[in-house]
Number of protein chains: 2
Amino acid sequence: MDTATKPIGCLQAATDILGDKWTPHLLRYFINEEIVRFCQLQDLTGGINPRTLSSRLTALEETGIIKKIISGPGSRCEYKLTAKGHDLLPILQDMEAWSDKYAPSNA
Amino acid sequence: MDTATKPIGCLQAATDILGDKWTPHLLRYFINEEIVRFCQLQDLTGGINPRTLSSRLTALEETGIIKKIISGPGSRCEYKLTAKGHDLLPILQDMEAWSDKYAPSNA
DNA sequence: CAGCATCCAGAACGATACTG
DNA sequence: CAGTATCGTTCTGGATGCTG
């Protein structure tokens, strides 16, 4: 892969994650929450399909953006950001600022 | 829509654009080029489907991120970023930096 | 509570060929 | 050069119901 004519690929890792339908929104919740649970996300998103949520969470865990923590009885578990995930937050916030600036009442 | 429980929607505008498969890469070329042509993009991307490229360009134009400029004879035309589009570049660069930091030799 | 399984509608994208 | 037309495939994600 020649970097001269094809300097892409660099963006790939970020777009792979942020390009999925729910992921940016999901990640957004970590800005204020730090630790989030499955059912919380279902709730916050207004009823995301558990299948979708599960797959997003799995992908995020596999790419090392979040970490799953089994906590307590009754299948209670929590998700929190890793350092890698934390570094994503400023980008999310910039995206949000941009959206807000150019599409304030975005339908 | 209640902003308390559903503070989303803000990210939407950005993710709608950056979520498409080629768009971030396409935009990336504007960092160095300023003015880009259809065939250049086809070339730079390594042969993106013209149908796809066309639809991306149309979408970008409709959201006011790029501007199409008919220039010269022979269907020659060019695309350049608007102010709105320019404001997207830092985000792209951050995404690139992030990708580079956490997935250097990203396959 | 935290998922997984199955089924399915529709969007996204590539290949290829053709036009103003 | 800058697209459009057509076709087909693949991938995504929603609905719904079940399980550890």
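Proteins get letters first, then strands, A, B, ... in listed order; numbering begins at 1 in each.
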Novice: Indicate, with a heavy-atom threshold strictly under 4.0 Å, whether B:R51 touches base, sugar-phosphate, or nothing.
Specialist: base
Novice: Measure CD1/A:I70 against C1'/D:dG20 and give the value in whole Å, please.
Specialist: 13 Å
Novice: If you measure from CZ on B:R37 to CG on B:L44, what distance do you get to the nearest 0.5 Å?
Specialist: 11.5 Å
Novice: Taking OP1 and OP2 of D:dG3, is either one under 4.0 Å from a side-chain nitrogen or oxygen of B:S54?
Specialist: no
Novice: Return no unless some side-chain N or O of A:R37 is found under 4.0 Å from OP1 or OP2 of C:dA2.
Specialist: yes
Novice: Can you tell me how far CD1 of B:I31 sits from CD of B:Q93, rounded to the nearest 0.5 angstrom?
Specialist: 4.0 Å
Novice: Can you check the B:D20 CG to C:dA12 P distance for me, whole Å?
Specialist: 7 Å
Novice: D:dG3 P sits how many Å from B:L26 CG, rounded?
Specialist: 12 Å
Novice: Whole angstrom is fine here: how far is it from CG in A:L53 over to P in D:dG13?
Specialist: 12 Å
Novice: Starting from C1' on C:dA2, measure out to CG on A:L57 and report it in whole angstrom.
Specialist: 10 Å
Novice: With respect to the phosphate group of D:dG14, does any side-chain polar atom (N or O) of A:K21 fall under 4.0 Å of OP1 or OP2?
Specialist: yes
Novice: Check the distance between C:dC1's P and A:I35's CD1 and give it to me in whole angstrom.
Specialist: 18 Å
Novice: Quick check: on DNA chain D, is the nucleotide nearest A:S75 upstream (toward 5') of the one nearest B:Q42, or the reverse? Name the residue that is more 5'.
Specialist: B:Q42
Novice: Select one nucleotide: of C:dC1, C:dG3, D:dT4, the one nearest the side-chain heavy atoms of A:C77.
Specialist: C:dG3
Novice: Does B:Y79 have a side-chain nitrogen or oxygen under 4.0 Å from the phosphate oxygens OP1 or OP2 of D:dG3?
Specialist: yes
Novice: If you check the B:C39 side chain, which of D:dG13, C:dT16, D:dA2 turns out closest?
Specialist: D:dA2
Novice: Let me know the distance between CZ of A:R56 and C1' of C:dC4, rounded to the nearest Å.
Specialist: 16 Å
Novice: Atom CG of A:D43 and atom C1' of C:dG3: how far apart are they, to the nearest Å?
Specialist: 17 Å
Novice: Starting from the 5' end of DNA chain D, give me the residue, B:N49 or B:Q40, whose nearest nucleotide shows up first.
Specialist: B:Q40
Novice: Does a side-chain N or O from A:K68 land closer than 4.0 Å to OP1 or OP2 of C:dG3, or not?
Specialist: yes
Novice: Give the nucleotide from the list D:dG3, D:dC1, C:dA2 with an atom nearest to the side chain of A:F38.
Specialist: C:dA2
Novice: Compare every heavy atom of A:L26 with every heavy atom of A:T45, then report the nearest pair and how far apart it is.
Specialist: CG2-CD1, 3.7 Å
Novice: Quick one: sort the B:H25 and B:W22 rings into parallel, tilted or perpendicular, breaks at 30° and 60°.
Specialist: perpendicular
Novice: So with a 6.0 Å cut-off around NZ of B:K84, is the heavy-atom count from everything else above 12?
Specialist: yes
Novice: Does C:dA12 have OP1 or OP2 sitting under 4.0 Å from an N or O in the side chain of B:W22?
Specialist: no
